[in-house]
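For reference, the structure is listed below as structure tokens.
Basis for what follows: all heavy atoms, side chains included, without hydrogens, waters or symmetry-related copies.
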Amino acid sequence: QVQLVESGGGLVQAGGSLRLSCAASGGTFSVYVLAWFRQAPGKEREFVAAINRSGGSTFYADSVKGRFTISRDNAKNTVFLQMNSLKPDETAVYSCAARGGISLRPSASDYDYWGQGTQVTVSS
């Protein structure tokens with residue numbers, strides 16, 4: 001059992017950057033694959049990025065490749081999402097998720113634990 005709490009969301013202008021954090025507690029952080037998802041108003045949840053247990057492998061949605069970077073610090077029990085060149089249509093609630101498997105899955109149903117999310121608003 002692990003609890004996840006996101007932070008770092010807010011209002012940013014188009015083209016700007018934001019760094020999200022997700023802090024974990026109540027479990028062994030290093031055994032989980034971690035991912036970020038987002039859900040925009042009126043749309044279904046969308047995969048953004050995932051990172052393996054050691055942090056050595058990452059997987060990104062095509063829409064964010066080259067702009068977003070996922071990373072983790074197992075000593076701090078935290079996963080990050082650095083978002084650059086943000087676009088207005090990327091306004092969404094961004095959520096952190098964890099799974100006990102080893103593969104970097106893009107489906108929300110593959111993840112076992114979820115944070116409550118943090119709002120990111122990109123203005124034009």
Side-chain angles (χ1 to χ4, degrees):
Q1 186 71 234
V2 61
Q3 294 79 48
L4 304 171
V5 180
E6 302 93 339
S7 62
L11 177 64
V12 63
Q13 289 189 337
S17 298
L18 212 56
R19 184 177 176 86
L20 306 182
S21 298
C22 175
S25 62
T28 305
F29 185 79
S30 62
V31 308
Y32 296 104
V33 166
L34 296 165
W36 288 94
F37 290 80
R38 64 190 179 191
Q39 187 167 24
K43 298 182 179 179
E44 294 192 353
R45 195 184 306 276
E46 176 188 27
F47 171 78
V48 177
I51 189 165
N52 75 341
R53 293 159 66 171
S54 69
S57 295
T58 57
F59 177 53
Y60 297 93
D62 288 343
S63 61
V64 307
K65 286 180 180 177
R67 297 187 298 117
F68 289 14
T69 302
I70 187 171
S71 61
R72 67 191 293 168
D73 186 340
N74 287 345
K76 295 181 180 291
N77 290 348
T78 304
V79 62
F80 305 95
L81 184 68
Q82 177 67 46
M83 305 185 293
N84 298 328
S85 301
L86 282 160
K87 305 172 182 179
D89 64 3
E90 293 178 314
T91 292
V93 174
Y94 284 70
S95 298
C96 178
R99 68 185 303 264
I102 61 173
S103 58
L104 307 183
R105 298 289 184 87
S107 297
S109 61
D110 289 326
Y111 290 81
D112 306 302
Y113 307 102
W114 293 82
Q116 293 183 336
T118 185
Q119 176 70 47
V120 172
T121 301
V122 185
S123 65
S124 59

Exercise. Report yes or no: do Ser109 and Arg105 form a side-chain donor-acceptor pair below 3.5 Å?
Key: no
Quiz item: Distance only, no hydrogens: is a donor on one side chain within 3.5 Å (strictly under) of an acceptor on the other, for Asn84 and Ser17?
Solution: yes
Is a side-chain N or O of [X] found less than 3.5 angstrom from the main chain of [Y], in a donor-acceptor match?
| X | Y | result |
| --- | --- | --- |
| Thr28 | Ser30 | no |
| Asn74 | Asn77 | no |
| Asn52 | Leu104 | no |
| Thr91 | Asp89 | no |

Practice problem: Give me the other members of the hydrophobic cluster that Trp36 sits in, counting Ile, Leu, Val, Met, Phe, Trp and Tyr linked by side-chain heavy atoms under 4.5 Å, directly or via other members. | Solution: Val2, Leu4, Val12, Leu18, Leu20, Phe29, Val31, Tyr32, Leu34, Val48, Ile51, Tyr60, Val64, Phe68, Ile70, Val79, Leu81, Met83, Leu86, Tyr94, Tyr113, Val120, Val122
For the [atom1] atom of [X] and the [atom2] atom of [Y], what is their distance to the nearest 0.5 Å?
| X | Y | atom1 | atom2 | result |
| --- | --- | --- | --- | --- |
| Glu90 | Glu46 | CD | CD | 8.0 Å |
| Asp110 | Ser103 | CG | OG | 7.0 Å |
| Gln13 | Thr121 | CD | OG1 | 13.0 Å |
| Cys22 | Arg72 | SG | CZ | 10.0 Å |
| Ile102 | Ser57 | CD1 | OG | 11.0 Å |
| Cys96 | Glu6 | SG | CD | 5.5 Å |

Practice problem: Find out whether Arg45 and Trp114 are in side-chain contact, i.e. whether some heavy atom of one side chain is under 4.5 Å from a heavy atom of the other. | Solution: yes
Quiz item: Any link between Phe80 and Val5 through a network of hydrophobic side chains (Ile, Leu, Val, Met, Phe, Trp, Tyr) touching at under 4.5 Å?
Solution: no
Exercise. Please report the C-alpha distance between Ser107 and Arg99 in whole Å, then the side-chain angles of each, then the deciding distance to 0.1 Å, and finally whether the side chain to side chain contact (heavy atoms under 4.5 Å, CB included) criterion is met.
Key: CA-CA 11 Å; Ser107 297; Arg99 68 185 303 264; over 6 Å; no
Exercise. Step through the shown structure and confirm whether more than 12 heavy atoms of other residues, nucleotides or ligands are within 6.0 Å of CD on Gln119.
Key: yes
Heavy-atom closest contact ([X] atom, [Y] atom, distance):
| X | Y | value |
| --- | --- | --- |
| Ser124 | Pro88 | CB-CG, 3.8 Å |
| Tyr111 | Ala50 | OH-CB, 3.8 Å |
| Arg67 | Ser85 | NH1-O, 3.0 Å |
| Phe37 | Phe47 | CD2-CA, 3.5 Å |

Quiz item: If you measure from the Lys or Arg side-chain nitrogens to the Asp or Glu carboxylate oxygens, is any gap between Glu44 and Arg38 under 4.0 Å?
Solution: no
